[in-house]
Amino acid sequence: MLTAVAQNSENLQYKLPSETDSSPRMTVFCDLDGPIVDVSDRYYATYKQGLADTQAAYLDRGINLNLQILSKQQFWQMKQNRVPDAEIAKSSGLSGEEIHVFLGCVSRIVNQPDLLHLDRIQPGVQWAIGLLHSRGVRLILVTLRPRNQAVQLLQNYGLARLFTSIRGTQMADAAYHNYTALKTELLAEVAEEFESSLGFGLDDRRYRSRHPRRKSIGNTYNCRYLRDSQPLSTPKAPA
């Protein structure tokens, strides 16, 4: 998710400030998984390992499960469409208690170091974030990952220093399960902290009427979004 906020903005189109632009400072709220980091390999590896661990648990009981392993394309399409893991498990041949065993395996292993190393920075992201920063755009990262994990990953690519604020959670598997309500809460907390410089207040009637927890602040304050399953969209970096 990418959200751009400019003070007193009435323009519905996201526009990168020029180097000589003297208009009010723009703020970009950005998610980590999707716009900045490609997590598809890790999530698919987690899915396959979860199925393997579930199969092993049942083989110990003398039961051989008839698994139907999805291709990466099938799996990732379901994840992008926010299909619950229980439904993905059903599509893979599991049922009843087997699904609960699988979900437990996934939650246990998704953030293990031997899987985290599969995460990859999206192409062009380092150049794009550097460009935004150089144009005076304030960058705020809001992620469901644990904050220390997000900071470490960004530091690995030399990006952490470019963000004014990095917010995360204390739940190890929150990002994988993509808890929308929790992400909305994080955005609201950050907006409240930066409200004076963003140019709006949380007492504004528009905010209260259009923010019943499920909606994000961007719908009220003319922000543009990229879904959390999409990479950061920018002009092509020079060769």
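Rounded to the nearest 0.5 Å, atoms CD1 (I129) and CZ (F163) are 4.0 Å apart. Going from atom CG of L94 over to atom CG of L103 covers 9.0 Å, rounded to the nearest 0.5 Å. We find the CD-OG1 distance between Q112 and T46 to be 9.5 Å, quoted to the nearest 0.5 Å. Here L32 contributes atom CG and Q122 contributes atom CD; the two are 10.0 Å apart, rounded to the nearest 0.5 Å.
F102 and L59 fall into different hydrophobic clusters, where Ile, Leu, Val, Met, Phe, Trp and Tyr residues are linked whenever their side-chain heavy atoms come under 4.5 Å apart, directly or through other members. When the side chains of ILVMFWY residues are joined at heavy-atom separations under 4.5 Å, either directly or via intervening members, I69 and V110 end up in a single hydrophobic cluster. A single hydrophobic cluster is seen to contain both I99 and L70, as judged by linkage of ILVMFWY side chains at heavy-atom distances under 4.5 Å, directly or through other members. Residue L115 is not grouped with residue F75 when hydrophobic side chains (ILVMFWY) are merged at heavy-atom distances under 4.5 angstrom, including chains of intermediate members. Grouping the Ile, Leu, Val, Met, Phe, Trp and Tyr side chains by contacts below 4.5 angstrom, directly or via other members, places V28 with V151.
Contact of the Q77 side chain with the V83 side chain is not registered, since no non-hydrogen atoms from C-beta on lie closer than 4.5 Å. Contact annotation: the side chain of I36 approaches that of I121 to within less than 4.5 Å [non-hydrogen atoms, C-beta and beyond]. Residues D33 and Y43 form a side-chain contact, since some pair of their non-hydrogen atoms from C-beta on lies under 4.5 Å apart. With contacts defined as side-chain heavy-atom distances shorter than 4.5 Å, the pair D31/V142 does not qualify. Using a 4.5 Å heavy-atom threshold, the side chains of V125 and Y157 count as separate. Residues L154 and L141 are in side-chain contact: their nearest non-hydrogen atoms beyond the backbone lie under 4.5 Å apart.
Within the 3.5 Å criterion, the main-chain N or O of P146 finds no donor-acceptor partner in the side chain of Q149. For D38 (side chain) and S40 (main-chain N/O), a donor-acceptor pair under 3.5 Å exists by modelled atom type. No donor-acceptor pair under 3.5 Å is formed between the side chain of R147 and the backbone N or O of L144. Put simply, the side chain of Q55 gets close to the backbone of L65: a donor and an acceptor are under 3.5 Å apart.
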Take S92 and Y47, measure what side chain to side chain contact (heavy atoms under 4.5 Å, CB included) needs, and give me the verdict at the end.
CA-CA 10 Å; S92 304; Y47 158 76; 2.6 Å; yes
With side chain to side chain contact (heavy atoms under 4.5 Å, CB included) as the criterion, how do V106 and Q49 come out once you've worked through the C-alpha distance, each side chain's angles and the decisive distance to 0.1 Å?
CA-CA 8 Å; V106 166; Q49 186 61 52; over 6 Å; no
Should N156 and Q152 be marked as a side chain to side chain donor-acceptor pair (under 3.5 Å) after you check the CA-CA gap, both sets of side-chain angles, and the distance that decides it?
CA-CA 6 Å; N156 291 344; Q152 182 60 60; 2.9 Å; yes
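The side chain to side chain contact (heavy atoms under 4.5 Å, CB included) test with L139 is passed by exactly one of L159, L132, I166: L132.
Looking at residues two or more places apart in sequence or on another chain, you find a side chain to side chain contact (heavy atoms under 4.5 Å, CB included) between S95 and E98. D119 pairs by the side chain to side chain contact (heavy atoms under 4.5 Å, CB included) definition with V37, V39, R42, L116, R145, L153, not counting sequence neighbours.
A salt bridge (charged side-chain N to carboxylate O under 4.0 Å, His left out) check over residues 43-65, counting only residues at least two apart or in different chains, returns the pairs R61-E97.
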